[in-house]
Amino acid sequence: MKLNVRWSCLLCLVLIGIAIEGVQCKVVQFIFGDSLSDVGNNMYLSKSLAQANLPFYGIDFGNGLPNGRFTNGRTVADIIGDSTGLPRPPAFLDPSLTEDVILESGVNYASGGGGILNETGGYFIQKFSLWKQIELFRGTKELITNKLGKQATDKFIGEANFVVALGSNDFINNYLMPVYGDSWKYNDQTFVRYLMETLQNQLLVLHNLGARKLMVFGLGPMGCIPLQRVLSTTGQCQERTNKLAISFNKAASQLLAGLDSRLPNASFKFGDAYDVVDNVIRNPKNYGFDNSDSPCCSFGRIRPALTCLPASTLCSDRSKYVFWDEYHPSDGANQLIANELIKKFGFLGGGNSSAPVPAPESAIAPSPDEE
């Protein structure tokens, strides 16, 4: 009888997670990224010029107030985490972050303007590059080790999901801008190679720090974001920029396949939604959108309006726009991207629909001029 009770207790521990020193250890996420994944870090970087801390950012999320996300609603990482039953990790700089919160929800280190390269996005003044984000994660691991001990921390880190989603800023806010030295130091091919060499070193450091389940998100057709269109002479997508995204995705896919095959006890995967996003941009009505070439939040006819401001004008139906501002997808577009990545990574319970789910009712609202 005592034996049965003992086995029942062990079974309960397996089912509900391992309790270590009174703390319930869950599977969590550690997210490394740029403004497409930032959930508030840049709000605490007082000198950063890459900000989403003013209306109307966050208008379709929670209480509708700015929360640091560079969109009207959820990020792709938010949606994937929700779909897989994982908690949304708070920003690293969130004042409420504690060891217990980390054990419960993980951490998001993503920073608007950040890139794979340290030099990327320099004119934003303050941002976390991927190297800096990895350094911050190293500190997080030390913090957890002090609380749980090495063995329990290694288990916690080893079971966590790691997301790495950067790269677009390395082109748009570095290589493709003549003010940066990388624009004349490299050509298209050698710059992508430079990115891959750097990214490989970064992923190896994460593996050495204990990352065993890691996903790298590829780039979309960044030559078709509203900013790139308005900077072109024709208003069309900039095909050279799109070709760079395709080259990045091909090289990153090969890099991750190689790491996955040779790193011990590791699952390092790559996925991108380039083709689906390219299709929705070229055929928006097939996916329930009306507009795929201009931002929902804009400053009238003044283009490019590099950020969404309280004085901006909103489109009448935010669920019908692919892009929220000059750079970033809307909540509806992020849902579509997340659905595709869920399929690429083989998550259970992933979205199988080719169209995004309906936006919240609050997404269908009059512009400020009509209120």
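Given the structure is predicted, the values throughout are model-derived calculations rather than measurements.
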_I need the full list of salt bridge (Lys or Arg N to Asp or Glu O under 4.0 Å) pairs touching residues 244-264, with sequence neighbours left out, sorted by first then second residue._
Asp260-Lys269
_Residue pairs fulfilling salt bridge (Lys or Arg N to Asp or Glu O under 4.0 Å) with at least one residue in residues 233-243, sequence neighbours excluded_ = Asp188-Arg240, Glu239-Arg282
*Determine which pairs satisfy salt bridge (Lys or Arg N to Asp or Glu O under 4.0 Å) with at least one residue from residues 112-137, sequence neighbours left out, and list them in order.*
Lys132-Glu135
*Which residue pairs pass the disulfide (SG to SG under 2.5 Å) test when at least one of the two sits in residues 134-173, sequence neighbours left out?*
none
Side-chain donor-acceptor pairs under 3.5 Å in residues 195-212, sequence neighbours left out?
| from | atom 1 | to | atom 2 | distance (Å) |
| --- | --- | --- | --- | --- |
| Thr198 | OG1 | Tyr194 | O | 2.9 |
| Asn201 | ND2 | Glu197 | O | 3.3 |
| Gln202 | NE2 | Ile116 | O | 2.9 |
| His207 | NE2 | Arg212 | NH1 | 3.3 |
| His207 | NE2 | Pro264 | O | 3.3 |
| Asn208 | ND2 | Leu204 | O | 3.4 |
| Arg212 | NH1 | His207 | O | 2.7 |

*With sequence neighbours excluded, what pairs up with Ser105 under the side chain to side chain donor-acceptor pair (under 3.5 Å) test?*
none
_For Asp170, side chain to side chain donor-acceptor pair (under 3.5 Å) partners two or more places apart_ = Thr120
*Residue pairs, two or more places apart or on separate chains, that pass disulfide (SG to SG under 2.5 Å) and touch residues 116-162*: none
*For Pro284, enumerate each residue passing the side chain to side chain contact (heavy atoms under 4.5 Å, CB included) test, keeping only those at least two apart in sequence or located in another chain.*
Phe289, Ser292
*Can you list every disulfide (SG to SG under 2.5 Å) pair that touches residues 200-252, not counting sequence neighbours?*
Cys224-Cys237
*Under the side chain to side chain contact (heavy atoms under 4.5 Å, CB included) test, which residues partner Met215, sequence neighbours left out?*
Val163, Phe217, Phe345, Phe347
_So, taking the atom named CG in Asn72 and the one named NE2 in His328, what distance separates them when rounded to the nearest 0.5 Å?_
12.0 Å
*Under the side chain to side chain donor-acceptor pair (under 3.5 Å) rule, collect the residues that match up with Glu326, sequence neighbours excluded.*
Arg303
